[in-house]
Amino acid sequence: MKQVAILGATGSIGDSTLAVIRCHPDKFNVHTLSAHRNSDKILALIEEFAPKHVIITDETAYRTVAQSCNQTHTSLYCGANALNAAVQDTAIDMVVAGIVGNAGMASVMSAVEAGKILLLANKESIVTAGALVMPLAEKSGAQIIPLDSEHNAIYQCLPNQYRTGHRPQSVAHLTLTASGGPFWNTPVSDFESITPAQAVAHPQWDMGAKISVDSATLMNKGLEVIEAHWLFNMPVEHIHVLIHPQSIVHSMVNYADGSVLAQMGTPNMQIPISHGLGLGQRLSNRADLLELSEIGALQFFAPDVKKFPNLALARQAIKTGGTAPAILNAANEVAVAAFLEEKIHFTKISDINDRMLNSMQIEDVESVPQLIELDSIVHRRTRDFIRRLG
Ligand code: NDP
Ligand code: MG
């Protein structure tokens, strides 16, 4: 029986993880859950799973939950520091990092420091702090297993016993696939009028709002190129991207002998999560089975980086190195939030990212406190810039 902590249990990754765990009550026990603001949902999960520890990072939501929680088996904690301590509990075997954005970084570091098996969905933490996370995992013995579908696909296509953080031998390059989001075919002249509701309506995947907008701007793929760079220790030139609108081939490994291994499946996060939770065993889940005859054709196109500049900005950030990816990621978080609040047009997201990446001083990455401070500086400057844009 594996003891599992699910950070961001009330989100989309939390839903998919719990859906897999419900299929295997003999294999997994929900030891720890975290939520931020969704008090109703976390109360329902406490009722269902009776976890030992629950951390609610938002104070108001914590008070609401504390007043209504009848589960005597569960201890409730408040705040981000409690989260960092909770993931180090010696009883926990696996930590699912499903918090969205940089808010997930400190708990990822904490789980890695404690040598846990880290099932990583929170790509922003590796984009920002990859230079700290990967060496720390090497030192602590933590195993980092990617849940992001593309990186999980690559991980599945690498030889058995492959450990993340190492450059896979005999690999010529990696190919990340991208659905292209809802607008890959939309003329750029129509981009100004794109609404948040249109941007979050992803054609293939059902995900949280932030990552859905990132998919629509191709920032998600940009962040994933940086994520792949750190997870597989690959130079960015060896990480290719193809638009694949059917989202059936989740990514590929191109070996030096010309063989290309791809992982396929329906676009459902339960599949990579099952692979991660199963540690190589194939666990059943509720995802639909793939019927290729119903799909008919699989298409692949080169991405248009002029139309979607975020992809080029991500490559620029990783080549620049140091804090450049952290700056890009933090600026993007603010820009996406402003777009969702209808304060800026869709096209402004990449303009803002470009402006922040190219106007701030780049430093070496040294510590988590440095990155947390940088994050709040970038957030402030980006918000100021957006205010000036009117
Ligand atoms: P959601 O928005 O659906 O869920 C986010 C989760 O994080 C919720 O549990 C939320 O709590 C919690 N949260 C939000 N803000 C904070 C904060 N400041 N401190 C602590 N917890 C917080 O996001 P997703 O599940 O879609 O994405 C989660 C991560 O996984 C992202 O990094 C995303 O890029 C990555 N990912 C997601 C995929 C998907 O299919 N959804 C696919 C691949 C990667 P609450 O709801 O209680 O406020
Ligand atoms: Mg992905």
Does a sphere of radius 6.0 Å around CG in Asn233 hold more than 12 heavy atoms from other residues, nucleotides or ligands, not counting ones at 6.0 Å or beyond?
yes
Is there a path from Val87 to Ile13 through hydrophobic residues (I, L, V, M, F, W, Y) whose side chains come within less than 4.5 Å of each other?
yes
Run the salt-bridge test on Asp93 and Lys2 with the 4.0 Å N-O cut-off and return the result as yes or no.
no
Drop me the distance from Ile243's CD1 to Leu311's CG, to the nearest 0.5 angstrom.
7.5 Å
Flag if over 12 foreign heavy atoms under 6.0 Å of CE, Met234
yes
One pair to check against salt bridge (charged side-chain N to carboxylate O under 4.0 Å, His left out): Lys123 and Glu150. What are the steps and the verdict?
CA-CA 11 Å; Lys123 63 190 81 182; Glu150 296 77 2; 5.5 Å; no
Heavy-atom closest contact (Asn122 atom, Gly101 atom, distance)
ND2-O, 2.9 Å
With heavy-atom distances below 4.5 Å as the criterion, would you say the side chains of Ile126 and Leu223 are in contact?
no
Minimum heavy-atom distance between Ala317 and Ala324, given as atom pair plus value
O-CB, 3.5 Å
Begin from the C-alpha positions of Phe183 and Phe346 and carry the test ring-ring contact (aromatic ring centres under 6.0 Å, His included) through to its verdict.
CA-CA 11 Å; Phe183 312 123; Phe346 183 78; 5.3 Å; yes
Consider side chain to side chain contact (heavy atoms under 4.5 Å, CB included). Of Val4, Val96, Thr10, Val30, which one does Leu18 pass it with?
Val30
Indicate whether any N or O donor in one side chain lies under 3.5 Å from an N or O acceptor in the other, for Ser212 and His202.
no
If hydrophobic clusters are built from ILVMFWY residues whose side chains come within less than 4.5 Å, do Ile271 and Leu120 share one?
no
Ile248 and Val241: same hydrophobic cluster, using ILVMFWY side-chain contacts below 4.5 Å?
no
For the student: nearest non-hydrogen atoms of Ile352 and Ala335, plus distance
CG2-CB, 4.1 Å
Does Gly181 offer a backbone N or O that forms a donor-acceptor pair with the side chain of Ser179 under 3.5 Å?
yes
For Gly265, does its backbone N or O pair with a side-chain atom of His250 as donor and acceptor, under 3.5 Å?
yes
Distance in Å, Thr323 OG1 paired with Asn329 CG, rounded so as to fall on 0.5 Å steps
12.0 Å
Ignoring hydrogens and angles, tell me if any N or O in the side chain of Glu47 forms a donor-acceptor pair with the backbone of Leu43 under 3.5 Å.
no
How far apart are the C-alpha atoms of Met94 and Leu279, what are their side-chain angles, what is the distance that settles it, and do they pass the side-chain contact (heavy atoms from CB on, under 4.5 Å) test?
CA-CA 10 Å; Met94 300 174 136; Leu279 297 175; 3.6 Å; yes
Taking atom CD of Glu373 as the centre, report whether more than 12 heavy atoms of other residues, nucleotides or ligands fall under 6.0 Å from it.
no
Would the number of heavy atoms belonging to other residues, nucleotides or ligands and lying under 6.0 Å from CD of Gln198 be above 12?
yes
Determine whether Arg286 and Gln270 satisfy the following criterion, side-chain contact (heavy atoms from CB on, under 4.5 Å), listing intermediate values before the conclusion.
CA-CA 7 Å; Arg286 301 259 178 257; Gln270 288 186 44; 3.5 Å; yes
ILVMFWY cluster, Tyr155 and Leu283 together (side-chain gap under 4.5 Å)
yes
Distance (rounded to the nearest 0.5 Å) between Gln143 CD and Leu119 CG:
9.0 Å
Compute the ring centroids of Phe308 and Trp184, then answer whether they are less than 6.0 Å apart.
no
Test Arg22 against Glu48 for salt bridge (charged side-chain N to carboxylate O under 4.0 Å, His left out), laying out the working first.
CA-CA 10 Å; Arg22 281 188 192 100; Glu48 181 181 355; 2.7 Å; yes
Donor-acceptor pair between Asn310 and Ser350 side chains, under 3.5 angstrom
no
What verdict does the side chain to side chain donor-acceptor pair (under 3.5 Å) test give for Gln263 and Ser251, after you've listed the backbone C-alpha separation in whole Å, the side-chain angles of each residue and the deciding distance to 0.1 Å?
CA-CA 6 Å; Gln263 185 261 352; Ser251 276; over 6 Å; no
Determine yes or no for a side-chain-to-main-chain donor-acceptor pair under 3.5 angstrom, with Lys27 supplying the side chain and Ile21 the backbone.
no
Counting distance only, does the side-chain N/O of Arg315 pair as donor-acceptor with the main-chain N or O of Val236 below 3.5 Å?
yes
Provide the closest heavy-atom pair for His24 versus Ser284 in the form atom of the first, atom of the second, distance.
NE2-O, 2.8 Å
Look only at the side chain of Gln88 and the backbone of Ser110, and say whether a donor-acceptor pair between them is shorter than 3.5 Å.
yes
Apply side-chain contact (heavy atoms from CB on, under 4.5 Å) to the pair Met356 and Phe385, showing each step before the final yes or no.
CA-CA 9 Å; Met356 289 301 135; Phe385 181 61; 3.5 Å; yes
Quick one: does Ser39's side chain have a donor or acceptor within less than 3.5 Å of a partner on Ala61's backbone?
no
Under 3.5 Å, is there a donor on one side chain and an acceptor on the other for His151 and Glu224?
no
Restricting to non-hydrogen atoms, name the atom on Ser16 and the atom on Ile273 that form the minimum distance, rounded to 0.1 Å.
CB-CD1, 3.5 Å
Kindly indicate, with the supporting measurements, whether the criterion side chain to side chain donor-acceptor pair (under 3.5 Å) is fulfilled by Asn152 and Asp148.
CA-CA 6 Å; Asn152 183 269; Asp148 208 349; over 6 Å; no
Check whether Ile295 and Trp205 end up in the same hydrophobic cluster, where Ile, Leu, Val, Met, Phe, Trp and Tyr are linked by side-chain heavy atoms less than 4.5 Å apart.
no
Decide salt bridge (charged side-chain N to carboxylate O under 4.0 Å, His left out) for Asp214 and Lys210; before the verdict, give the C-alpha distance in whole Å, the side-chain angles of both, and the deciding distance to 0.1 Å.
CA-CA 6 Å; Asp214 284 346; Lys210 194 258 177 185; 2.8 Å; yes
Answer yes or no: does atom CZ of Arg163 have more than 12 heavy-atom neighbours from other residues, nucleotides or ligands under 6.0 Å?
yes
Salt bridge (charged side-chain N to carboxylate O under 4.0 Å, His left out) between Arg387 and Asp384, intermediate numbers included
CA-CA 5 Å; Arg387 223 169 285 129; Asp384 286 349; 3.0 Å; yes
A quick test of your reading: do over 12 heavy atoms of other residues, nucleotides or ligands sit less than 6.0 Å from CG of Asp26?
yes
Do other residues, nucleotides or ligands put more than 12 heavy atoms under 6.0 Å from Gln169 CD?
no
If you take all heavy atoms of Ile99 and Ser107, which pair is closest and at what distance?
CD1-OG, 4.2 Å
So, for His166 and Trp230, is the gap between ring centers shorter than 6.0 Å?
no
Gap separating the CZ atom of Phe339 from the OG1 atom of Thr217, nearest 0.5 angstrom:
9.5 Å
To the nearest 0.5 Å, tell me how far Arg380 CZ sits from Asp375 CG.
11.0 Å
Can you confirm whether the side chains of Asn102 and Glu124 place a donor and an acceptor under 3.5 Å from each other?
no
Any donor-acceptor pair under 3.5 Å from Thr320 side chain to Gln316 backbone
yes
So with a 6.0 Å cut-off around CD of Gln299, is the heavy-atom count from everything else above 12?
yes
Straight-line distance of His173 NE2 to His238 NE2, nearest 0.5 Å:
9.5 Å
